[in-house]
Amino acid sequence: MGCTGSKRTRGNENTKQIRKPKPWKHAEPITRTQLMQMRDEFWDTAPHYGGRKEIWDALRAAAEAELILAQAIIDSAGVIVQNDDLTICYDERGAKYELPKYVLSEPINLIHET
(Lines give C-alpha, C1' and ligand atoms only; values in the text may rest on other atoms or scores of the structure.)
Protein backbone atom coordinates (compact mmCIF):
# COMPACT_ATOMS: atom_id res chain seq x y z
CA MET A 1 0.00 0.00 0.00
CA GLY A 2 2.95 2.33 0.51
CA CYS A 3 3.65 2.30 -3.22
CA THR A 4 0.12 3.40 -4.00
CA GLY A 5 0.54 6.38 -1.69
CA SER A 6 3.85 7.23 -3.32
CA LYS A 7 2.31 7.27 -6.77
CA ARG A 8 -0.51 9.45 -5.55
CA THR A 9 1.96 11.97 -4.10
CA ARG A 10 3.85 12.14 -7.38
CA GLY A 11 0.59 12.49 -9.27
CA ASN A 12 -0.38 15.44 -7.08
CA GLU A 13 2.93 17.12 -7.92
CA ASN A 14 2.13 16.78 -11.61
CA THR A 15 -1.31 18.28 -11.14
CA LYS A 16 -0.41 21.14 -8.76
CA GLN A 17 -2.76 24.02 -9.48
CA ILE A 18 -0.90 26.89 -11.08
CA ARG A 19 -1.48 30.61 -10.55
CA LYS A 20 -0.14 33.89 -11.83
CA PRO A 21 2.88 35.27 -9.94
CA LYS A 22 2.29 37.76 -7.15
CA PRO A 23 2.52 41.40 -8.23
CA TRP A 24 6.13 42.38 -8.74
CA LYS A 25 8.12 45.47 -9.63
CA HIS A 26 10.92 45.64 -12.20
CA ALA A 27 14.14 47.37 -11.11
CA GLU A 28 13.34 50.21 -13.51
CA PRO A 29 10.01 51.08 -15.13
CA ILE A 30 9.86 49.46 -18.58
CA THR A 31 7.54 49.72 -21.56
CA ARG A 32 5.48 46.87 -22.98
CA THR A 33 7.85 46.84 -25.99
CA GLN A 34 10.86 46.39 -23.70
CA LEU A 35 9.03 43.66 -21.77
CA MET A 36 8.21 41.80 -25.00
CA GLN A 37 11.84 42.07 -26.10
CA MET A 38 13.03 40.64 -22.76
CA ARG A 39 10.55 37.79 -23.10
CA ASP A 40 11.62 37.01 -26.67
CA GLU A 41 15.29 37.01 -25.65
CA PHE A 42 14.56 34.64 -22.76
CA TRP A 43 12.57 32.17 -24.86
CA ASP A 44 15.16 32.27 -27.65
CA THR A 45 18.03 31.42 -25.29
CA ALA A 46 16.36 29.25 -22.61
CA PRO A 47 16.70 25.89 -24.43
CA HIS A 48 20.47 26.40 -24.63
CA TYR A 49 20.72 26.14 -20.84
CA GLY A 50 19.48 22.57 -20.71
CA GLY A 51 16.24 20.66 -20.65
CA ARG A 52 14.15 19.49 -23.55
CA LYS A 53 12.92 21.82 -26.27
CA GLU A 54 9.38 20.40 -26.12
CA ILE A 55 9.18 21.22 -22.41
CA TRP A 56 10.43 24.77 -23.04
CA ASP A 57 7.80 25.08 -25.79
CA ALA A 58 5.09 23.85 -23.42
CA LEU A 59 6.24 26.27 -20.71
CA ARG A 60 6.14 29.16 -23.17
CA ALA A 61 2.67 28.20 -24.35
CA ALA A 62 1.50 27.94 -20.74
CA ALA A 63 3.12 31.27 -19.79
CA GLU A 64 1.29 33.00 -22.64
CA ALA A 65 -2.09 31.34 -22.02
CA GLU A 66 -4.97 31.94 -19.63
CA LEU A 67 -4.70 29.90 -16.42
CA ILE A 68 -7.17 27.14 -17.36
CA LEU A 69 -5.44 26.47 -20.68
CA ALA A 70 -2.01 26.85 -19.05
CA GLN A 71 -2.95 24.15 -16.52
CA ALA A 72 -4.00 21.79 -19.32
CA ILE A 73 -0.73 22.43 -21.20
CA ILE A 74 1.39 21.79 -18.10
CA ASP A 75 -0.53 18.63 -17.23
CA SER A 76 -0.39 17.17 -20.74
CA ALA A 77 3.35 17.90 -21.11
CA GLY A 78 4.12 16.06 -17.86
CA VAL A 79 5.69 19.12 -16.27
CA ILE A 80 6.22 18.83 -12.52
CA VAL A 81 5.44 22.19 -10.95
CA GLN A 82 7.46 23.01 -7.83
CA ASN A 83 6.33 26.63 -7.44
CA ASP A 84 2.67 27.14 -8.31
CA ASP A 85 3.53 30.35 -10.17
CA LEU A 86 5.63 28.28 -12.66
CA THR A 87 8.91 29.95 -11.69
CA ILE A 88 10.44 26.52 -10.92
CA CYS A 89 9.41 23.36 -12.75
CA TYR A 90 10.92 19.99 -13.64
CA ASP A 91 10.38 17.51 -16.43
CA GLU A 92 9.84 13.81 -15.86
CA ARG A 93 13.59 13.19 -16.25
CA GLY A 94 14.42 15.64 -13.45
CA ALA A 95 15.70 18.55 -15.56
CA LYS A 96 15.03 21.89 -13.87
CA TYR A 97 13.35 24.80 -15.67
CA GLU A 98 13.46 28.26 -14.09
CA LEU A 99 11.21 30.98 -15.46
CA PRO A 100 11.64 34.65 -14.57
CA LYS A 101 8.51 36.47 -13.47
CA TYR A 102 8.71 38.79 -16.46
CA VAL A 103 7.75 35.95 -18.81
CA LEU A 104 4.78 35.05 -16.62
CA SER A 105 3.22 38.44 -15.82
CA GLU A 106 3.64 42.16 -16.21
CA PRO A 107 5.40 44.29 -13.58
CA ILE A 108 3.31 46.78 -11.60
CA ASN A 109 5.55 49.60 -12.86
CA LEU A 110 4.97 48.89 -16.55
CA ILE A 111 4.94 52.11 -18.60
CA HIS A 112 1.84 52.17 -20.77
CA GLU A 113 2.76 53.48 -24.21
CA THR A 114 0.37 55.77 -26.02
Side-chain angles (χ1 to χ4, degrees):
M1 288 199 174
C3 292
T4 303
S6 297
K7 286 183 181 178
R8 179 174 293 175
T9 299
R10 182 178 165 107
N12 286 344
E13 286 177 24
N14 286 340
T15 57
K16 187 176 222 177
Q17 294 296 307
I18 61 173
R19 63 171 177 79
K20 289 287 183 188
K22 293 178 182 173
W24 61 280
K25 190 173 184 177
H26 193 271
E28 295 179 17
I30 59 172
T31 64
R32 182 173 309 281
T33 302
Q34 291 170 310
L35 178 63
M36 298 310 288
Q37 182 179 11
M38 290 170 56
R39 288 177 175 176
D40 288 342
E41 288 173 9
F42 174 80
W43 293 119
D44 288 345
T45 59
H48 301 289
Y49 295 104
R52 299 184 350 228
K53 182 171 182 343
E54 59 269 19
I55 298 297
W56 283 115
D57 291 345
L59 289 170
R60 181 175 189 169
E64 295 173 351
E66 295 297 321
L67 282 178
I68 293 172
L69 178 57
Q71 184 74 56
I73 293 167
I74 292 301
D75 292 345
S76 65
V79 174
I80 299 165
V81 177
Q82 179 169 333
N83 292 355
D84 59 2
D85 62 2
L86 293 182
T87 53
I88 300 178
C89 301
Y90 293 88
D91 65 22
E92 293 170 332
R93 296 180 184 171
K96 186 176 185 179
Y97 300 81
E98 293 186 61
L99 304 182
K101 287 184 181 178
Y102 65 81
V103 301
L104 300 166
S105 66
E106 297 178 347
I108 58 173
N109 59 340
L110 184 71
I111 300 170
H112 295 282
E113 301 165 302
T114 55

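Values reported hereafter were calculated over all heavy atoms of this structure, with side chains retained and with hydrogens, waters and symmetry mates removed.
- Residues D85 and P21 share a closest heavy-atom pair of CB-CA, 3.8 Å.
- No side-chain heavy atom of M36 sits under 4.5 Å from any side-chain heavy atom of E41.
- Under the 4.5 Å side-chain criterion, counting only non-hydrogen atoms from C-beta, I88 is not in contact with L99.
- Using a 4.5 Å heavy-atom threshold, the side chains of Q17 and V81 count as separate.
- Nearest heavy-atom pair, I73 versus A65, reported as atom, atom and distance to 0.1 Å: CD1-CB, 4.4 Å.
- Shown here for C89 and L59, the closest heavy-atom pair between the two residues is SG-CD2, 4.1 Å.
- For A70 against A62, the heavy-atom pair with the smallest separation is CB-O, 3.3 Å.
- Using a 4.0 Å cut-off between a side-chain N of Lys or Arg and a carboxylate O of Asp or Glu, R60 and D40 qualify as a salt bridge.
- With contacts defined as side-chain heavy-atom distances shorter than 4.5 Å, the pair H112/L110 qualifies.
- Atom CZ of F42 is separated from atom OH of Y102 by 6.0 Å, given to the nearest 0.5 angstrom.
- Using modelled atom types, no side-chain atom of W56 and backbone atom of D44 make a donor-acceptor pair closer than 3.5 Å.
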Next item on the list: For the pair M38 and H26, evaluate side-chain contact (heavy atoms from CB on, under 4.5 Å) and give the outcome as yes or no after the intermediate values.
Entry: CA-CA 12 Å; M38 290 170 56; H26 193 271; 3.6 Å; yes
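- Side chain of K16 to backbone of Q82: a donor-acceptor contact under 3.5 angstrom is found.
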Note to self: Assess the residue pair E98 and T87 against the criterion (side chain to side chain donor-acceptor pair (under 3.5 Å)); give the C-alpha distance rounded to whole Å, side-chain angles, the decisive distance to 0.1 Å, and a yes or no.
What the structure shows: CA-CA 5 Å; E98 293 186 61; T87 53; over 6 Å; no
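- Residue-environment remark: CD (E113) exceeds the threshold of 12 foreign heavy atoms within 6.0 Å.
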Margin query: R52 vs Y97, test: side-chain contact (heavy atoms from CB on, under 4.5 Å). Steps then yes/no.
Written below: CA-CA 10 Å; R52 299 184 350 228; Y97 300 81; 3.9 Å; yes
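- Between atom NZ of residue K20 and atom CG of residue D84 there is a gap of 13.0 Å, rounded to the nearest 0.5 Å.
- Within 6.0 Å of CD1 in I68 there are 12 or fewer heavy atoms belonging to other residues, nucleotides or ligands.
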Notebook entry, point to check: Where do V103 and W43 land on the side-chain contact (heavy atoms from CB on, under 4.5 Å) test, with the steps shown first?
Noted result: CA-CA 9 Å; V103 301; W43 293 119; 3.8 Å; yes
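- The line from CD of Q34 to CD of E28 is 8.5 Å long, rounded to the nearest 0.5 Å.
- Side-chain contact check for L67 versus I18: some heavy-atom pair is nearer than 4.5 Å.
- Side-chain contact between L35 and P107 is present, with at least one heavy-atom pair separated by less than 4.5 Å.
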Next item on the list: Using the side-chain contact (heavy atoms from CB on, under 4.5 Å) rule, take D91 and I80 through it: C-alpha gap first, then chi angles, then the decisive distance, then the call.
Entry: CA-CA 6 Å; D91 65 22; I80 299 165; over 6 Å; no
